[in-house]
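Below is one structure; the comments refer to it alone.
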Amino acid sequence: MKKTAWIIAAAITLAGCKKYLAEEPNKQVSIKTVSQLEALVDNAPLFAYETNQTASFSTDDYEIGKDLYRLNPGAFNFNGLQYYINSVDGVASLASDDLWNGEYKKIFTANLVLDNIDKVTGDDAARARVKADAHFIRAMSYWVLANYYCAPYSEGNLQSMGLPLKKTIEYKESLSRTTLKETYDFILGDITEAEKVAYDDVDPRRAWRVSKKAIAAFRSRYFLFTGDYPKAVEQADLALQSSTARLVDFKTIKPGISRNYSNPAATLRYSELFTWTALNFLYWQEMYYCRYTYNRSWYTPSTSLMNSYDTANDLRYKLLFIPNGGREFSIVTPATTRYTFFNTGYYVPAGFTRAEVLLNKAEALARQGNTGAALEAANILRGSRMSTYVPLTANSKEDAIKQVLAERRRELPFAMRWYDIRRFSVNDYTGDDIKVVREFYNMTATGIDVNTPQTYTLDARRMLVPINTVEINSSNGQILQNPY
């Protein structure tokens with residue numbers, strides 16, 4: 001039985017997205033028991049990671065100075081630079097898109113489970129739980145895809161192009177893009193189905209399995225992003241009743257390894273999190289539901305991001321930002337800071353955490369003008385992040401929004417910033433708009449001319465990530481490209 005489940009999982013992992021969107025899947029593997037399907041949803045690495053170059057490279061959290069690139073061109077991946085300048089043609093014409101492929105693989109797996117769950121033998125309680133997991137997995141993947149490849153959620157965008165909604169494993173199912181409203185309605189429908197799960201709180205041994213508290217955390221994000229602030233607060237309060245998803249006091253994080261370099265001398269000092277593998281970070285106690293952004297390259301934090309921290313007291317800065325961290329990539333000049341979190345710095349939390357839920361609540365309250373309660377929620381988080389506690393204060397609604405959003409950026413860099421840039425651009429409050437400007441070099445499909453400086457500005461149309469040309473072509477014209 002375990003061998004059969006492993007074969008299914010391996011086939012899903014190794015196949016390309018085209019297999020799930022435009023070709024008939026292999027149905028030769030026999031699925032007979034609930035236990036086989038449970039083995040699929042219990043395979044955390046299949047669902048917990050997203051290779052996400054937009055989150056890594058496309059926001060104002062990331063910065064490559066012109067001198068840094070000119071003196072160290074080999075330290076940067078050419079494909080990643082297409083995302084850095086927010087190119088349309090450069091991103092669309094890459095050989096593949098790991099985020100699109102990865103999320104549709106998860107969706108196919110969820111559909112495979114749902115297609116078989118009522119046909120197999122086994123315990124009914126386990127059947128109900130696995131079914132809820134599959135709905136949640138699918139909702140999460142469609143949520144990620146919608147917030148990269150579709151227009152930001154707003155009343156004016158509801159009839160714009162949404163996603164191809166694969167609801168079954170049938171290869172003949174339409175690949176035409178639905179509307180944004182239909183996409184969000186489908187996501188909410190899956191969340192509602194997942195809510196039928198019997199498990200109330202997060203299982204700290206399996207935070208990749210759905211619970212009612214994880215669903216509340218998801219809903220707090222969903223309603224914050226769709227502008228329903230009272231419901232965002234309501235769901236955040238439900239999620240915060242969890243007794244197992246708890247804040248980590250950063251004062252308890254231990255020093256980790258050090259690495260020494262010469263010519264010139266430098267010592268890089270990491271926290272223990274730097275060497276945490278999946279055997280550790282999948283059990284990060286702040287998680288309601290495991291998700292991590294994976295970056296094959298490295299994070300060079302922007303000056304504006306680093307300047308947002310209280311560098312004397314904020315332990316996020318002291319533990320996660322590594323001065324001279326560029327030495328890991330043979331960069332001596334200019335001295336370059338590196339942002340790290342888990343497993344050599346390649347994995348950054350992107351799932352629902354207690355920290356995010358507190359910030360969802362704080363922002364929703366601030367936008368409703370409840371300044372005191374908003375700061376109270378944000379300051380609970382700060383109490384676990386500062387060596388010397390310095391609370392946020394504000395003397396107006398606008399100031400409270402500003403303070404809470406600054407705290408959100410400090411807590412959730414890279415993984416959440418793209419989401420926030422997009423939703424801020426379409427809400428009814430202009431004070432939070434973010435302009436992403438790159439001072440770099442002229443870049444074409446064949447190379448980079450370091451003798452020709454160029455300014456790149458992210459515009460509203462490019463807040464929709466281009467769909468890969470391979471996916472469009474393999475759909476025989478059903479999948480339409482975003483308008484640019």
Side-chain angles (χ1 to χ4, degrees), residues 61 213 216-225 227-242 245-253 284-288 304-321 348-417 419-421 423-424 427 429 431-432 434:
D61 283 347
K213 294 298 188 292
F218 193 166
R219 285 180 179 272
S220 78
R221 184 190 288 185
Y222 182 99
F223 289 122
L224 179 70
F225 280 38
D228 193 336
Y229 302 130
K231 285 187 179 178
V233 174
E234 175 187 72
Q235 294 300 312
D237 282 337
L238 288 174
L240 292 170
Q241 293 174 19
S242 172
R246 306 186 306 275
L247 287 176
V248 174
D249 186 341
F250 273 36
K251 292 188 288 294
T252 67
I253 296 175
W284 180 242
Q285 74 177 40
E286 297 202 354
M287 282 288 178
Y288 289 91
S304 67
L305 174 61
M306 291 189 287
N307 286 346
S308 72
Y309 292 87
D310 173 356
T311 57
N313 291 307
D314 198 320
L315 293 170
R316 292 167 295 195
Y317 185 85
K318 290 185 173 183
L319 295 172
L320 305 179
F321 290 77
V348 175
F352 313 109
T353 63
R354 194 170 186 93
E356 186 207 336
V357 171
L358 282 166
L359 291 167
N360 292 347
K361 178 180 179 178
E363 182 183 337
L365 288 166
R367 292 189 185 278
Q368 294 178 88
N370 194 339
T371 299
L375 296 180
E376 180 182 0
N379 283 328
I380 290 172
L381 171 62
R382 284 178 66 82
S384 68
R385 299 304 195 245
M386 311 293 286
S387 56
T388 300
Y389 174 61
V390 181
L392 297 177
T393 60
N395 53 23
S396 66
K397 173 182 175 180
E398 289 71 23
D399 192 25
I401 293 173
K402 178 181 177 180
Q403 295 295 338
V404 168
L405 295 185
E407 190 65 23
R408 184 178 180 89
R409 185 184 188 189
R410 289 187 287 266
E411 179 63 26
L412 306 168
F414 299 103
M416 294 295 293
R417 189 62 170 172
Y419 289 157
D420 290 345
I421 290 171
R423 67 186 178 91
F424 295 163
N427 65 18
Y429 179 70
D432 57 11
I434 298 168

pair L247-I380: side-chain heavy atoms closer than 4.5 Å = yes
Taking the side chain as C-beta and beyond, is there a heavy-atom pair between Y229 and L365 under 4.5 Å?
-> no
Rounded to the nearest 0.5 Å, the OG1 atom of T371 sits from the CG atom of D399 at a distance of 8.5 Å
Heavy-atom closest pair, residues A394 and Q403 | CB-CG, 4.4 Å
Distance in Å, L240 CG paired with L358 CG, rounded so as to fall on 0.5 Å steps | 5.0 Å
Between N379 and L392, is there a donor-acceptor pair closer than 3.5 Å when you use the side chain of the first and the backbone of the second?
-> yes
Worked verdict on Q285 versus V248 for side-chain contact (heavy atoms from CB on, under 4.5 Å) | CA-CA 7 Å; Q285 74 177 40; V248 174; 3.4 Å; yes
Going by an N to O cut-off under 4.0 Å, is there a salt bridge joining R410 and E407?
-> yes
Which pair of non-hydrogen atoms, one from A374 and one from A366, has the smallest distance, and what is that distance?
-> CB-N, 3.5 Å
Do F424 and L405 have side-chain heavy atoms sitting under 4.5 Å apart?
-> yes
Just by distance, with hydrogens left out, do R409 and S304 show a side-chain donor and acceptor under 3.5 Å apart?
-> yes
Gap separating the CZ atom of R408 from the CD1 atom of I401, nearest 0.5 angstrom | 13.5 Å
Could you pull out the closest heavy-atom pair between P413 and D61, with the gap in Å?
-> CA-OD2, 3.3 Å
For D310 and N313, indicate whether the former's side chain and the latter's backbone hold a donor-acceptor pair under 3.5 Å.
-> yes
Below 4.0 angstrom, N of the basic side chain to O of the carboxylate: do R385 and D314 qualify?
-> no
Taking all atoms of both residues into account, what is the closest heavy-atom pair of P230 and Q368, and its distance?
-> CG-OE1, 3.5 Å
Of all heavy-atom pairs between L381 and A355, which one has the smallest distance, and what is that distance?
-> CD1-CB, 3.6 Å
So, do F223 and V233 sit near enough that their side-chain heavy atoms are less than 4.5 Å apart?
-> no
Report the C-alpha separation of F352 and R221 in whole Å, then their side-chain angles, then the decisive distance to 0.1 Å, and conclude whether the side-chain contact (heavy atoms from CB on, under 4.5 Å) test is met.
-> CA-CA 8 Å; F352 313 109; R221 184 190 288 185; 3.4 Å; yes
Any donor-acceptor N/O pair, K318 side chain to A312 backbone, under 3.5 Å | yes
R354 side chain to R246 main-chain N or O, any donor-acceptor pair under 3.5 Å?
-> no
So, are R316 and E411 salt-bridged, with charged N and O less than 4.0 Å apart?
-> yes
Quick one: does Y429's side chain get under 4.5 Å of E398's, heavy atoms only?
-> yes
To the nearest 0.5 Å, how far apart are OG in S396 and NZ in K402?
-> 9.5 Å
T252 side-chain N/O to D249 backbone N/O, donor-acceptor pair under 3.5 Å | yes
Side-chain donor/acceptor of Y288 to backbone N/O of A239, under 3.5 Å = yes
Going by atom types alone, do E356 and N360 pair a side-chain donor with an acceptor below 3.5 Å?
-> yes
Stepwise salt bridge (charged side-chain N to carboxylate O under 4.0 Å, His left out) test for D432 and R367 | CA-CA 11 Å; D432 57 11; R367 292 189 185 278; 2.8 Å; yes
Quick one: do E363 and R423 make a salt bridge, cutoff under 4.0 Å?
-> yes
Aromatic rings Y317 and Y309: how do their planes relate, parallel, tilted or perpendicular, breaks at 30° and 60°?
-> tilted
side-chain contact (heavy atoms from CB on, under 4.5 Å) assessment of F225 paired with Y419 = CA-CA 9 Å; F225 280 38; Y419 289 157; 3.5 Å; yes
Please name the pair of heavy atoms, one in L224 and one in A364, separated by the smallest distance, quoted to 0.1 Å.
-> CD1-N, 4.1 Å
Check whether any side-chain heavy atom of P349 lies under 4.5 Å from a side-chain heavy atom of E286, and answer yes or no.
-> no
Is the backbone N or O of S220 less than 3.5 Å from a side-chain atom of K231, with the two atoms forming a donor-acceptor pair by type?
-> no
